[in-house]
Participant: 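Quick one: this structure, given as structure tokens, is what I'll be asking you about.
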Amino acid sequence: MNFDSLGDWERTHDCCTLGSDYTGAEVILMGWVQRRRDHGGLIFIDLRDRAGITQVVFDPQRNAEAHQRAHALRPEHVIGVRGEVRFRPEGMTNPKLKTGEIEVIVDEYRLFNTSLTPPFQVEPEVDAGENLRLRYRFLDLRRPNIFQNLRTRHNAAQAVRQYLNENGFLEVETPVLTRSTPEGARDYLVPSRVNPGKFYALPQSPQLFKQLLMMAGFDRYYQIVKCYRDEDLRADRQPEFTQVDIEMAFVDEDQICRLTEGLLGHLFEKILDHKLQLPFPRLTYDEALARYGTDKPDTRFGMELVDVSPVFADSNFQIFAKLIKAGGMVKALNLKGQATLPRSDLDKMQGKENLVNHYDIQTGAQGVAWIKVQETNWQGPVAKNLTMGEKELLADTAGLEPGDLILFVAGESRVVNPTLDTLRSHFGRRLGLMDNKQFQFTWITRFPLLEYDHDTKRYLAVHHPFTAPVEEDIGLLTDHPEQARSRAYDLVLNGNEIGGGSIRIHHHNLQRQVFQALGIDEEEAQQKFGFMLEALQYGAPPHGGIALGFDRLVMLMCGATSIRDVIAFPKTQKAGCPMTQAPEKVSLEQLLELSLKLDLPG
RNA sequence: GGGGGCGUAGUUCAGUUUGGUUAGAACGCCGGCCUGUCACGCCGGAGGCCGCCGGUUCGAGUCCGGUCGUCCCCGCCA
């Protein structure tokens with residue numbers, strides 16, 4: 001096959017622009033062959049570029065040679081055409097195309113390149129397995145739907161920059177090769193050739209650097225930045241991901257929340273033409289857990305959890321009564337009007353195995369009890385064991401009406417809450433209460449500062465070790481560290497954690513006190529965070545910030561269900577890239593240079 | 001580390017429950033015909049290590065064990 005060179009051709013338009021007001025114009029278009037409809041006589045080509053599709057026509061009477069050659073065109077061949085824009089004949093317009101009123105009749109055509117038959121069809125409606133799509137990502141990215149997502153991502157990044165620039169923020173880059181920090185996620189490590197036996201770590205976030213920028217007096221910093229965490233993947237987790245990282249000096253929680261709300265308001269208006277309701281509602285961590293069973297509630301729908309322990313504490317329903325006496329609780333989920341739910345669905349909630357298999361509940365819950373509330377009687381095994389008074393109390397507490405189905409889970413809070421959270425999400429989705437055109441933000445505040453880790457038998461920072469405790473709780477650090485609340489906040493959107501931050505510690509003594517509570521002794525603190533402790537002694541201003549998960553945010557804005565759909569070249573669940581085959585072995589020479597020796601199991 | 005789903009033509013899938021002729025469909029691909037199609041149409045054709053290894057069996061796509069890949073989830077993710 002002979003290829004043509006570009007020659008002196010310059011594109012005049014993209015494949016989305018031309019319409020009836022261009023008729024008669026001579027244009028040059030370039031792009032990929034989407035489809036060929038070869039009538040033997042006329043040949044129609046759908047020409048595609050990133051902007052759209054334009055139909056071009058090869059007519060033997062217009063140019064016999066071009067028409068003859070066009071028989072050989074195949075999907076994904078790369079061509080340029082010079083021709084005239086003309087109206088389509090009466091009744092031949094295609095309302096599905098933006099350019100559907102016109103077509104380009106070809107006077108001259110150049111074949112720039114051919115394509116092998118693609119492993120999957122490069123069309124929006126044809127689905128292909130994700131592994132194949134990632135292996136041939138360059139083809140997958142030609143499809144308009146995934147390209148649109150990345151365009152939205154680009155626009156979103158620009159809108160973020162615009163807003164923050166206008167609000168006095170400086171974008172500052174921080175190192176990607178830095179030192180390993182002992183707290184938090186597993187680090188990605190990079191061996192140092194010039195310092196044998198020593199390693200850099202890729203940053204889990206620019207946390208320390210952005211605080212140091214505040215200490216440097218930069219006042220307002222931001223960065224759209226890659227972060228790296230060597231943990232297992234999920235639909236909304238990649239080993240490298242992007243944060244909108246923000247830090248401000250001389251601010252408290254309110255100011256950071258307001259700034260974030262302004263930023264997101266700007267972003268949603270600019271990108272989706274969607275006006276957000278500001279300010280966002282706030283829930284304390286304790287409230288969120290009580291009402292939704294999770295610290296990242298989906299507030300697009302109600303269906304809140306109700307603590308019904310008082311109903312059962314002294315009831316004849318022995319299973320529940322005993323669990324409560326043992327320090328447990330009974331919480332309920334009132335599914336309004338769902339008394340018609342088939343018995344089989346309820347049977348699938350009985351027993352650990354059923355819950356795992358049918359509801360993806362892996363909390364260790366033994367089962368879910370239920371009552372179907374009818375006009376005259378209440379159905380279900382629980383109802384029989386309740387007195388009239390208990391029934392009244394229950395109806396009152398849970399707002400029961402005829403036609404309702406109420407689900408109960410009893411036990412320790414760490415089982416009850418996540419179980420009901422999963423059930424609430426399950427039915428929220430199933431009953432169509434999760435409208436992904438709706439964007440419900442919620443702040444979650446007042447997280448615990450520390451939590452006890454049973455494995456390492458010490459306290460760990462819930463957020464990170466530089467988070468300030470609530471002032472009146474500082475006294476608790478020595479004797480009841482688990483009771484101290486933090487000045488941390490998360491931002492939740494439709495049940496997804498899309499951001500989090502805190503007011504930081506800016507006093508040397510308090511930082512040492514928190515390290516102490518974390519079981520980090522003076523020597524270790526000096527060795528690992530010495531530079532930070534030092535900086536705190538040279539006039540550190542009050543400061544705080546937030547980091548937004550940019551991938552998740554864009555995912556939700558695009559209506560996607562995985563952040564892989566908004567990342568150009570994402571990784572699979574085993575953190576591999578099917579296209580480049582990364583990660584891959586390296587040569588012995590490379591290892592030697594780094595003073596490394598492999599010691600593989602098996 | 002653990003639980004669950006999937007793996008069959010280039011692709012998306014059916015077939016596996018209950019083992020038994022030559023493993024099917026659609027789209028795609030190849031050849032031919034076709035001057036108004038746009039999911040073009042019509043005729044013809046090619047295309048299979050049923051993920052891999054082992055076992056049970058007279059016989060395995062189908063049953064059993066293992067393994068690899070992929071997806072969802074738990075743990076983990078300051």
Side-chain angles (χ1 to χ4, degrees), chain A residues 34-47 53-62 67 71 74-76 88-97 99-100 103 105 116-136 139 181-187 203-205 207-208 227-239 241 352-353 355-364 418 422 425 447 449-451 453 455 459-467 486 488 497 500-502 514 518 547 549 561-562 564 571-574 576 578:
Chain A
Q34 172 99 358
R35 269 168 192 271
R36 178 185 56 131
R37 290 177 295 280
D38 189 341
H39 289 230
L42 289 178
I43 298 172
F44 299 94
I45 299 287
D46 289 338
L47 189 66
I53 285 177
T54 298
Q55 172 167 283
V56 304
V57 189
F58 291 85
D59 185 337
Q61 275 158 18
R62 189 88 177 194
H67 172 262
H71 284 302
R74 292 293 181 273
E76 302 313 314
R88 296 187 181 194
E90 191 68 30
M92 297 301 164
T93 59
N94 184 351
K96 286 185 216 157
L97 288 184
T99 59
E103 61 195 5
I105 177 78
L116 299 174
T117 300
F120 53 85
Q121 285 161 262
V122 184
E123 305 208 0
E125 305 305 325
V126 181
D127 56 347
E130 193 162 5
N131 201 36
L132 197 70
R133 288 174 46 206
L134 294 184
R135 182 162 161 222
Y136 295 94
L139 295 178
T181 49
E183 304 285 320
R186 201 174 292 112
D187 285 320
Q204 298 171 27
S205 82
Q207 182 60 38
L208 291 167
C227 303
Y228 308 86
R229 292 177 193 173
D230 186 6
E231 297 292 347
D232 289 336
L233 282 70
R234 292 280 192 284
D236 62 355
R237 265 160 47 184
Q238 285 272 303
F241 61 98
K352 238 176 173 167
E353 203 174 320
L355 284 170
V356 169
N357 291 334
H358 300 290
Y359 292 91
D360 220 345
I361 290 173
Q362 301 174 51
T363 57
T422 308
S425 297
F447 281 80
L449 185 70
L450 311 166
E451 68 187 343
D453 181 59
D455 293 335
Y459 286 97
L460 295 177
V462 169
H463 190 57
H464 59 55
F466 316 104
T467 297
S486 77
E497 185 199 323
S502 64
V514 169
L518 286 166
T561 52
S562 161
R564 291 188 300 274
K571 295 192 167 45
T572 67
Q573 193 149 41
K574 279 193 74 185

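Each chain gets a letter, A, B and so on, in the order its sequence line appears, and its residues count up from 1. Predicted model, so just to flag it, every value in this text is computed and none were measured.
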Participant: Scan every strand shown for a Watson-Crick or G-U wobble partner of rC58(B), both distances under 3.5 Å, and answer none if you come up empty.
Facilitator: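 In the structure as shown, rC58(B) has rG20(B) as its Watson-Crick or wobble partner.
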Participant: Around atom CZ of Arg564(A), are there more than 12 heavy atoms from other residues, nucleotides or ligands closer than 6.0 Å?
Facilitator: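 Enclosed.
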Participant: Under the side-chain contact (heavy atoms from CB on, under 4.5 Å) test, which residues partner Asp127(A), sequence neighbours left out?
Facilitator: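 Checked Asp127(A) against side-chain contact (heavy atoms from CB on, under 4.5 Å); zero matches.
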Participant: Please determine whether a side-chain nitrogen or oxygen atom of Arg74(A) lies at a distance below 4.0 Å from atom OP1 or OP2 of rC30(B).
Facilitator: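 Yes.
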Participant: Could you work out, with side chain to side chain donor-acceptor pair (under 3.5 Å) as the rule, every residue matching Arg237(A), not counting sequence neighbours?
Facilitator: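 Residues passing side chain to side chain donor-acceptor pair (under 3.5 Å) with Arg237(A): none at all.
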Participant: When you compare rU11(B) with rG48(B), how far apart are their P atoms, in angstrom units rounded to a whole number?
Facilitator: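 Those two atoms are separated by 12 Å.
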Participant: Classify the side chain of Gln362(A) and the base of rG2(B) as holding, or not holding, a donor-acceptor pair under 3.5 Å.
Facilitator: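 Yes, a donor-acceptor pair under 3.5 Å.
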Participant: Taking atom C1' of rC74(B) as reference, at what distance in whole Å does atom CZ of Arg237(A) sit?
Facilitator: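 Value for this atom pair: 10 Å.
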Participant: Quick one: closest heavy-atom pair of Arg135(A) and Pro578(A), and the distance?
Facilitator: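 Heavy atoms of Arg135(A) and Pro578(A) come nearest at CG-O, 3.7 Å.
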Participant: Can you tell me how far P in rG36(B) sits from the matching atom in rC42(B), rounded to whole Å?
Facilitator: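 About 16 Å, rounded to a whole number of Å.
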Participant: Tell me every residue that passes side-chain contact (heavy atoms from CB on, under 4.5 Å) with Leu42(A), counting only those two or more places apart in sequence or in another chain.
Facilitator: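 For Leu42(A) the side-chain contact (heavy atoms from CB on, under 4.5 Å) partners, ignoring immediate neighbours, are Phe44(A), Val57(A), Asp59(A).
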Participant: Could you tell me which residues satisfy side chain to side chain donor-acceptor pair (under 3.5 Å) with Gln238(A), sequence neighbours excluded, listed by chain and number?
Facilitator: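 So Gln238(A) forms no side chain to side chain donor-acceptor pair (under 3.5 Å) with any residue.
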Participant: Where the side chain of Glu103(A) is defined as all heavy atoms beyond and including C-beta, which of rU37(B), rC38(B), rC77(B) is the nearest nucleotide?
Facilitator: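 Selected nucleotide (nearest to the side chain): rU37(B).
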Participant: Can you tell me the distance, in whole Å, between the CD1 atom of Ile361(A) and the C1' atom of rG75(B)?
Facilitator: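 Going from CD1 in Ile361(A) over to C1' in rG75(B) covers 17 Å.
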Participant: For Arg186(A), enumerate each residue passing the side-chain contact (heavy atoms from CB on, under 4.5 Å) test, keeping only those at least two apart in sequence or located in another chain.
Facilitator: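 Listed in chain order: Asp230(A), Glu231(A).
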Participant: In whole angstroms, how far is the P atom of rG7(B) from the CZ atom of Arg135(A)?
Facilitator: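 In whole Å, rG7(B) P lies 19 Å from Arg135(A) CZ.
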Participant: If rA9(B) has a Watson-Crick or G-U wobble mate with both distances under 3.5 Å, name it; if not, just say none.
Facilitator: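 Answer to the pairing question: none, since rA9(B) forms no Watson-Crick or G-U pair.
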Participant: Taking the side chain as every heavy atom from C-beta outward, state whether Glu123(A) and Pro75(A) have any pair of such atoms under 4.5 Å apart.
Facilitator: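 Glu123(A) does not reach Pro75(A) side chain to side chain.
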Participant: Say we look at rC30(B) and rU17(B): how far apart would their C1' atoms be, to the nearest angstrom?
Facilitator: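 The answer is 39 Å between these two C1' atoms.
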Participant: Write down the distance separating the C1' atoms in rA9(B) and rG5(B), rounded off to the nearest Å.
Facilitator: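 One C1' to the other, the span is 23 Å.
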Participant: Rounded to whole Å, how long is the line connecting atom CD of Glu123(A) with atom P of rA26(B)?
Facilitator: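 Between P of rA26(B) and CD of Glu123(A): 18 Å.
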Participant: For RNA chain B, which residues of residues 38-45 of chain A approach it to below 4.0 angstrom with any heavy atom?
Facilitator: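 The answer is Asp38(A), His39(A), Gly40(A), Gly41(A), Leu42(A), Phe44(A).
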Participant: Is any side-chain N or O of Thr117(A) closer than 4.0 Å to OP1 or OP2 of rC29(B)?
Facilitator: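 The answer is no; no side-chain N or O of Thr117(A) sits under 4.0 Å from OP1 or OP2.
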Participant: The criterion is side-chain contact (heavy atoms from CB on, under 4.5 Å); which residues satisfy it with Pro60(A), sequence neighbours excluded?
Facilitator: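 Partners of Pro60(A) by the side-chain contact (heavy atoms from CB on, under 4.5 Å) criterion, ordered by chain and then number, come out as His67(A).
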Participant: Is there a donor N/O on one and an acceptor N/O on the other, under 3.5 Å, for the side chain of Asn357(A) and the base of rG3(B)?
Facilitator: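 No pair found.
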Participant: Show the nearest heavy-atom pair for residues Pro119(A) and Leu132(A), with the distance to one decimal.
Facilitator: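 Here Pro119(A) and Leu132(A) meet closest at O-CD2, 4.0 Å.
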Participant: In whole Å, what separates the C1' atom of rC40(B) from that of rG47(B)?
Facilitator: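 Here rC40(B) and rG47(B) have their C1' atoms 25 Å from each other.
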Participant: Would you mind reporting whether Val462(A) and Ser486(A) have side-chain heavy atoms less than 4.5 Å apart?
Facilitator: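 No, their side chains stay 4.5 Å or more apart.
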Participant: Between atom CG in Asp187(A) and atom P in rC76(B), what is the gap in whole Å?
Facilitator: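 In whole Å, rC76(B) P lies 18 Å from Asp187(A) CG.
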Participant: Which nucleotide in the list rC72(B), rC77(B), rU37(B) gets nearest to the side chain of Gln55(A)?
Facilitator: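 Output: rU37(B).
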Participant: C1' atom, rA60(B) versus rG51(B): distance in rounded Å?
Facilitator: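 Going atom to atom, C1' in each nucleotide, I get 16 Å.
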Participant: Say we look at rG3(B) and rU12(B): how far apart would their P atoms be, to the nearest angstrom?
Facilitator: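 These two P atoms come out 28 Å apart once rounded.
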Participant: Answer with base, sugar-phosphate or nothing: what part of the nucleic acid does Arg564(A) contact at a heavy-atom distance below 4.0 Å?
Facilitator: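 Sugar-phosphate contact only - Arg564(A) comes under 4.0 Å of backbone atoms but never of a base.
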Participant: Both Asp59(A) and Ala185(A) contact RNA chain B. Which one's nearest nucleotide lies toward the 5' end?
Facilitator: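 So the residue in question is Asp59(A).
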Participant: Tell me: CD of Gln573(A) to C1' of rG75(B), nearest whole Å?
Facilitator: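 In whole Å, rG75(B) C1' and Gln573(A) CD are 13 Å from each other.
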Participant: Could you pick out which residue, Arg186(A) or Arg88(A), lies toward the 5' side of RNA chain B when each is mapped onto its nearest nucleotide?
Facilitator: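 The 5'-side residue here is Arg88(A).
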Participant: Could I get the full list of side chain to side chain donor-acceptor pair (under 3.5 Å) partners for Arg62(A), not counting sequence neighbours?
Facilitator: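 With neighbours one apart ignored, the set is Glu84(A), Asp107(A).
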Participant: Can you pull every protein N or O that's under 3.5 Å from an N or O on nucleotides 9-14 of chain B?
Facilitator:
residue : atom : partner   : partner atom : Å
rG10(B) : O2'  : Pro119(A) : O            : 3.1
rU11(B) : O4'  : Pro119(A) : O            : 3.4
rU12(B) : OP1  : Gly129(A) : N            : 2.6

Participant: Would you say Lys574(A) reaches rU70(B)'s phosphate, i.e. side-chain N/O to OP1/OP2 under 4.0 Å?
Facilitator: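 For Lys574(A), the contact criterion (side-chain N or O under 4.0 Å from OP1 or OP2 of rU70(B)) is not met.
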Participant: What N/O pairs connect the protein and nucleotides 44-47 of chain B at under 3.5 Å? Give each pair on its own line.
Facilitator:
none

Participant: Mind checking Ser205(A) for me? I need base, sugar-phosphate or nothing, with any heavy atom below 4.0 Å counting as a touch.
Facilitator: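 Base contact - Ser205(A) has a heavy atom under 4.0 Å of at least one base atom.
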Participant: How would you list, by chain and number, every residue that makes a side chain to side chain donor-acceptor pair (under 3.5 Å) with Ser425(A), sequence neighbours excluded?
Facilitator: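 Partners of Ser425(A) by the side chain to side chain donor-acceptor pair (under 3.5 Å) criterion come out as none, since no residue qualifies.
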Participant: Taking the P atom in each of rU57(B) and rC71(B), what is the distance between them to the nearest angstrom?
Facilitator: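 Roughly 38 Å separates the two P atoms.
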Participant: At under 4.0 Å, does any side-chain N or O of Lys96(A) touch on OP1 or OP2 of rA39(B)?
Facilitator: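 Result: yes.
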Participant: Give a yes/no answer on whether the side chain of Arg35(A) brings an N or O atom under 4.0 Å of OP1 or OP2 in rA39(B).
Facilitator: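 No, outside the criterion.
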Participant: Of the options rC77(B), rC72(B), rU70(B), whose atoms approach the side-chain atoms of Asp360(A) most closely?
Facilitator: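 Between rC77(B), rC72(B), rU70(B), the one nearest the side chain of Asp360(A) would be rC72(B).
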Participant: Please report the distance, rounded to the nearest Å, between CG in Leu355(A) and P in rG4(B).
Facilitator: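 My rounded result for the distance is 14 Å.
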Participant: Does Arg37(A) place a side-chain N or O at less than 4.0 Å from the phosphate oxygens OP1/OP2 of rU35(B)?
Facilitator: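 Negative; the distance criterion is not met.
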Participant: Check the pair Thr422(A) / Tyr359(A) against side-chain contact (heavy atoms from CB on, under 4.5 Å), numbers first and verdict last.
Facilitator: CA-CA 8 Å; Thr422(A) 308; Tyr359(A) 292 91; 5.5 Å; no
Participant: Among residues two or more places apart or on two chains, list those pairs meeting side-chain hydrogen bond (donor to acceptor under 3.5 Å, both in side chains) that have a residue in residues 36-46 of chain A.
Facilitator: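 Qualifying pairs, neighbours excluded: Arg36(A)-Asp38(A), Arg37(A)-Asp46(A), Arg37(A)-Gln55(A), Asp38(A)-His71(A).
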Participant: Please report the distance, rounded to the nearest Å, between CZ in Phe58(A) and P in rC38(B).
Facilitator: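 It is 19 Å, rounded to the nearest whole Å.
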